[in-house]
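Heavy-atom basis, side chains included; hydrogens, waters and symmetry copies ignored. We count residues from 1, following the sequence as given.
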Amino acid sequence: MQKNYLILFFIFTFYSCKKASAPPQAKINTFYKEVTTADDRKTITPEEAKTYHVNKTYQYEYRTGNPGHYEYNYDVKGINAKGDSVCGNINVKGKYGAGILTTDTVAELEINTEWIAYGKLKAVDKKGNQYDLIVK
């Protein structure tokens, strides 16, 4: 009788120790982009339109996405390193964002932004020029 249990034990061990093949990893479909670009503020995709939200209590123009993955749109104003005034519109997801600034001399500048304090951002254009911005 012990022999039967021993045989069952070895059979069980043999089959349970076989390396199981991992199921194929499914790619998660999402409309969230890893990096926010200046072009993101120009259009709202059909997926983003489903979660489009406006709330005049807050400073953002609108937001899209779901909790933990919101992307906000802001109107901003500020100054460049020379002290010239700039204004524009940006999209921000988390701490970083991108958008377009306009000045008296340049029609459109693509920028990347980073929050530095509540309502305050640092921005850099493609040429490396820096801008201090605040949310309107």
Side-chain angles (χ1 to χ4, degrees):
M1 185 122 156
Q2 270 187 341
K3 198 176 195 182
N4 290 342
Y5 288 121
L6 189 58
I7 291 172
L8 286 173
F9 175 74
F10 284 121
I11 291 172
F12 175 76
T13 305
F14 176 76
Y15 284 109
S16 64
C17 290
K18 273 189 171 180
K19 188 174 184 178
S21 60
Q25 293 292 329
K27 183 177 178 184
I28 298 172
N29 291 328
T30 178
F31 63 89
Y32 303 110
K33 296 182 177 105
E34 292 297 320
V35 178
T36 304
T37 64
D39 289 337
D40 289 346
R41 58 175 260 301
K42 293 180 181 177
T43 59
I44 296 174
T45 67
E47 286 296 316
E48 290 174 328
K50 293 176 186 175
T51 60
Y52 184 89
H53 177 74
V54 175
N55 186 337
K56 295 299 180 184
T57 306
Y58 299 100
Q59 292 179 317
Y60 60 84
E61 295 299 308
Y62 66 84
R63 86 168 182 231
T64 60
N66 295 309
H69 298 283
Y70 288 125
E71 185 172 301
Y72 294 91
N73 179 273
Y74 296 95
D75 287 329
V76 293
K77 63 181 179 179
I79 58 171
N80 63 13
K82 297 176 186 175
D84 300 329
S85 64
V86 296
C87 63
N89 185 267
I90 61 170
N91 272 11
V92 179
K93 185 173 117 181
K95 186 175 181 177
Y96 303 99
I100 302 289
L101 290 180
T102 58
T103 66
D104 293 335
T105 58
V106 179
E108 287 189 349
L109 292 166
E110 285 190 21
I111 56 164
N112 292 320
T113 64
E114 178 181 354
W115 289 110
I116 57 171
Y118 182 78
K120 296 181 181 181
L121 301 113
K122 283 279 187 193
V124 177
D125 66 16
K126 291 184 177 187
K127 294 180 181 178
N129 299 318
Q130 294 189 1
Y131 304 87
D132 296 316
L133 305 174
I134 60 170
V135 175
K136 285 186 184 181

J.: I need the minimum non-hydrogen distance between Ala98 and Asn112, along with the two atoms involved.
T.: CB-OD1, 3.7 Å

J.: Give the minimum heavy-atom separation between Tyr62 and Asn91, together with the two atoms involved.
T.: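 Reported closest heavy-atom pair: OH-OD1, 4.1 Å.
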
J.: Do Thr103 and Leu109 have side chains that approach each other closer than 4.5 Å (heavy atoms only, starting at C-beta)?
T.: yes

J.: Starting from the C-alpha separation in whole Å, work towards a yes-or-no answer on side chain to side chain contact (heavy atoms under 4.5 Å, CB included) for Glu114 and Leu121.
T.: CA-CA 5 Å; Glu114 178 181 354; Leu121 301 113; over 6 Å; no

J.: What closest approach, in Å, do Val86 and Ile79 show between heavy atoms, and which atom pair accounts for it?
T.: CG2-N, 3.9 Å

J.: Among Val76, Thr113, Asn73, find the residue that satisfies the side-chain contact (heavy atoms from CB on, under 4.5 Å) test when tested with Val92.
T.: Thr113

J.: Enumerate, atom names and distances included, each donor-acceptor pair closer than 3.5 Å involving a side-chain atom of residues 127-136, sequence neighbours excluded.
T.:
from: Asn129; atom 1: ND2; to: Asp125; atom 2: OD2; distance (Å): 3.1
from: Tyr131; atom 1: OH; to: Asp125; atom 2: OD2; distance (Å): 2.9
from: Asp132; atom 1: OD1; to: Lys122; atom 2: NZ; distance (Å): 2.6

J.: Using 0.5 Å steps for rounding, measure from the OG1 atom of Thr102 to the NZ atom of Lys77.
T.: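 One gets 13.5 Å once the value is rounded to the nearest 0.5 Å.
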
J.: Do Tyr72 and Trp115 have their ring centres less than 6.0 Å from each other?
T.: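 That pair fails the under 6.0 Å test.
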
J.: Is the backbone of Thr64 close enough, under 3.5 Å, to the side chain of Thr51 for a donor and an acceptor to pair up by distance?
T.: no

J.: For Ile111 versus Ala123, what's the shortest heavy-atom pair and its separation?
T.: CD1-CB, 3.8 Å

